[in-house]
Every structure is written in structure tokens, then in C-alpha cells.
Amino acid sequence: MANPLYRKNIISIPDFTREELELVVDTAERLKAHPRNDLLQDKLIASCFFEPSTRTRLSFETAVQRMGGRVIGFADGGNTSARKGETLADSIKIISSYSDAVVMRHPKEGAARLACEFSPVPVINGGDGSNQHPTQTLLDLFSIKETQGTLQNLTVAFVGDLKYGRTVHSLTQALSLFNCHFYFVAPEALAMPDYICEELDEKGVSYTLASSLEEVIPKVDILYMTRVQRERFDEADFKKIQGQFILRAEMLKHARSTLKILHPLPRVDEIEVEVDATPHAYYFEQAQNGVYARQALLALVLNETV
Amino acid sequence: MQYTRTVEALKEGTVIDHIPAGQGLKILRLFKLAETGERVTVGLNLSSRHMGSKDIIKVENIALTEDQANELALFAPKATVNVIENFEVVKKHQLELPDAIQGIFACPNSNCISHNEPVESFFYVKAQSNDTKMKCKYCEKVFSKDIVAEVR
């Protein structure tokens with residue numbers, strides 16, 4: 001029987017069942033331990049970045065090439081027919097007729113969902129505006145499983161910009177399938193949006209709003225840091241909140257020994273460089289795991305069995 | 001003493017009655033009833049025994065389908081939608097909130113891909129205790145129905 005993700009579009013985390021999430025994570029684990037260079041042999045993947053990205057694009061393209069596939073595509077929408085006024089629907093009809101799957105990033109929300117309605121081959125969302133970035137969530141889940149041995153019953157703190165941070169929204173949606181408890185640590189202006197909290201309430205997921213990093217550090221298995229963007233505040237307000245959400249090495253002395261710190265990167269100053277040398281830092285490994293998570297996903301979407 | 005009817009009886013078409021006063025024009029506009037080219041009679045702020053005041057819309061020669069009638073439930077859940085043939089009511093629609101609504105509203109999110117692409121808007125509809133929420137299929141943003149209805 002074909003795996004449940006075979007020939008599926010990968011658009012949004014809420015589309016996944018718990019079993020499908022576990023399948024991707026387990027497959028990523030296997031491919032990291034036992035690399036396979038044959039899973040995308042004879043496959044041609046279109047890598048369509050209508051908006052620039054470094055990590056996501058390079059890790060997708062690395063994932064394809066590591067498994068023996070080939071890549072066509074573009075790294076910036078400025079040089080495509082989109083700039084001449086072509087609709088995304090038309091662009092995708094054509095690109096999908098050249099390739100076995102389409103990986104895409106686009107500045108508008110809903111672009112990947114729309115694209116999959118016009119594509120006969122699977123579409124994988126590499127980020128659509130402020131909406132979803134499902135492969136980031138998959139690599140986050142993989143990193144959590146890898147460091148904690150499980151996704152079940154964990155305590156996870158999310159820190160920083162919880163309002164605009166799409167990675168945070170998707171990861172809470174995914175972890176809510178695994179009976180985790182959440183702490184949300186954010187300035188009031190960047191608090192978790194009501195609709196996410198309402199979703200969690202509906203599902204009976206427990207979460208706590210906390211005001212400081214220090215109070216949550218001893219209680220959590222995963223500390224998920226995000227960047228507070230200066231441009232969202234005026235200078236005076238920014239100065240007031242800035243210090244509250246910076247992680248310093250000495251703040252970790254009461255942390256559990258198994259605590260790991262994740263961050264979707266790029267970081268600016270919210271994690272001090274000295275934290276990198278602590279055994280808790282895991283954000284660079286996390287970024288590297290992006291390749292394995294994307295390998296797992298591509299392998300599952302393009303092979304009946306892996 | 002001479003009685004006159006406020007709104008003339010309809011031979012063929014649809015009568016949407018018991019619309020909350022103030023919603024009639026919104027319904028007319030959103031559902032493009034005036035653009036059908038058929039004769040449309042609109043009554044605003046008519047007195048109603050049950051509602052105090054109400055709006056009413058009569059559209060000649062067009063029979064609203066079940067799905068179209070259900071879309072009205074967003075704005076006028078207690079409206080009655082009667083299809084008329086030869087002065088007789090041949091169908092009384094019981095309004096139910098639809099699961100999804102397609103092509104009527106534009107997405108309030110200006111950065112949503114559904115604008116300027118060859119697709120119809122599409123919202124999943126979910127009733128909550130004191131509001132009805134609509135979630136855009138494309139951008140996945142959730143809006144209160146009143147915000148969605150204000151856009152166009």
C-alpha cells in the first residue's frame with residue numbers, strides 16, 4: 001500500500017494527521033542515519049521561489065540532489081513572467097507540466113493552495129506570505145523528537161514575536177496533536193493571536209501566558225525562541241521590551257539538563273552568542289535538520305514506499 | 001374603507017421576507033439581485049408583528065435554489081424564502097448556515113492570492129455562540145462574517 005503522503009500536496013500543517021506528521025519525522029530520522037542517494041532518481045523538481053530565501057531554497061535543493069534528483073527553477077520572482085503580469089495559475093500550469101513536483105515560495109498568502117488547484121503534480125509549500133511554512137514545522141518536530149526522544153507530553157515555551165511568527169503558529173498546531181503543554185512569553189503587542197488560543201481551547205490543549213523568560217526556563221523541555229522585529233515598534237517601546245526577551249547563558253543555570261533551545265533563524269540579538277557554547281543550544285543542528293526533513297517529505301511524496 | 005397592500009403580489013419569482021431591518025440593501029448588493037435585469041421590489045422598515053420592523057425583497061422570474069437561500073442565512077438567519085409560481089408558494093426554503101460559501105465575498109486580506117487570479121473566493125463557515133466565523137480557503141485567515149460582508 002502507498003504511504004499516505006504519496007502524491008499529496010503539502011500546503012498547510014492543519015492538513016496533516018498525527019500519523020502523517022510522525023511518518024515524516026520517522027523517515028527523516030532514518031534518512032539521517034542511513035542516507036539514500038536513489039530515492040529521487042529520474043525525478044525533476046521545480047524549485048520556484050517567487051520571493052528570495054536562503055535556507056529554505058538551499059536546503060530543498062540540497063535535499064533533492066542528495067537523493068539523486070535534479071532541480072530546475074528560479075530564486076527570485078523578479079526575473080519570471082510573473083513580473084510581466086502572468087497569473088500564478090498560468091505560471092504553475094506550465095511549470096508543473098515540466099516537472100515531477102513543484103516546491104514554491106510566494107509573497108502572497110494562499111499561493112500554494114491556489115497553485116495545487118492548477119497543478120497535476122504535487123505542490124510543496126515553502127512559505128506563502130505570512131500564512132504557512134509547513135516544512136519549517138516538520139524540521140522543528142524532527143529536532144524536538146531527536147532531542148527529546150518523543151513528541152508526546154512535552155512542555156514547550158514559545159518566546160518573542162508570537163503574533164506575526166508563522167512558524168510559532170504552525171508548530172503549536174502540530175504539537176497540539178501530541179498532548180503538549182505550552183508557555184507563551186511575549187510582549188503584549190506581540191501576543192499569540194486570539195484565533196490560535198481559541199483553536200487550542202477548542203482542542204482542550206493547555207497553555208499558560210507567562211511574562212518572563214526566567215520563570216519558564218526551569219519548567220520546559222523546549223525553548224523555542226523567535227526574533228522580535230524592531231520595525232514593528234517605535235524606538236521607545238522597543239527599548240522597553242527589548243531586554244525582556246534576550247536569552248543569556250546565565251539564565252540557563254536552573255534549566256533541565258535535557259532542555260534544548262530552538263530558533264527558526266536568522267537570529268539577531270535575542271540569543272546571546274555565549275549561549276551557542278552551552279549544551280542547550282540546538283538551533284544550528286535544527287537548521288541542518290531542514291535538509292533531512294525535506295528529504296523525508298520529498299521521498300514520501302514521490303515514492304509509494306520509502 | 002380601502003385596504004392597499006404595501007408590496008404588490010408576485011406572480012413568478014422569489015420572496016425573501018423577514019429580513020432584519022437594515023440588512024435588505026446589503027443582501028441586494030452582495031447577492032447582486034439588482035443585476036439580474038428582472039424586476040425587483042424592495043421594502044425597507046416595514047412593520048412586522050414578530051420583528052417590529054423588517055425588510056423584504058421580491059425578485060420576479062427567478063427561483064432561488066436551496067444553496068442560494070442558505071447563503072442568505074449568514075445575514076438573515078430567520079428570513080423566509082418562498083418561491084412563487086402563478087401566485088402560489090411552491091417552495092418554502094428552511095435556511096441553514098452553509099458549510100462553505102463560494103464566489104460571493106472578496107477576501108478581506110489584501111495580500112490573499114485569491115485576488116487577481118482566475119479563482120472564486122471560498123470561505124468555510126463556522127457558527128460560534130455569538131458570531132459566525134469565515135475562514136478563507138486560500139490565505140487561511142479567519143474573519144467575523146461582518147468584516148467579510150463589508151469588503152465589497
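Numbered from 1 within each chain, the chains take letters A, B, ... in sequence-line order.
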Neighbour count >12 (heavy atoms, 6.0 Å) for atom CG, A:Asp234: yes

dist B:Cys136:SG -> A:Arg113:CZ (nearest 0.5 Å) comes out at 10.0 Å

Distance col, row A:Phe118:CZ vs B:Glu117:CD, nearest 0.5 angstrom, shows 7.0 Å

Please say whether more than 12 non-hydrogen atoms of neighbouring residues, nucleotides or ligands are located less than 6.0 Å from CD in B:Glu88.
no

Within residues 94-110 of chain A, the residues sitting under 4.5 Å from chain B by heavy atom, in sequence order, are A:His106, A:Pro107, A:Lys108, A:Glu109, A:Gly110

Salt bridge check, B:Glu140 against A:Arg166: does any charged N sit closer than 4.0 Å to a carboxylate O?
no

Pair count under 4.5 Å, heavy atoms only, with chain A: among B:Asn116, B:Val142, B:Val119, B:Asn111, highest is B:Asn111

Q | Exceeds 12 heavy-atom contacts within 6.0 angstrom, atom CD of A:Glu19 | A | yes

(Q) Any non-hydrogen side-chain atom of A:Ser130 less than 4.5 Å from a side-chain atom of B:Lys141? (A) yes

Among residues 92-101 of chain B, residues within the sub-4.5 Å heavy-atom range of chain A, in order of number, are none

Honestly, the part of A:Glu202 sitting under 4.5 Å from a heavy atom of chain B is side chain

Practice task
Count the heavy atoms of every other residue, nucleotide or ligand shown that sit under 6.0 Å from CZ of B:Arg39, and state whether that count exceeds 12.
Solution key: no

In terms of heavy-atom contacts, A:Leu114 and B:Ile113 come closest through CB-CG2, 3.9 Å

On a heavy-atom basis, the closest approach of A:Glu198 and B:Lys133 is OE1-NZ, 3.9 Å

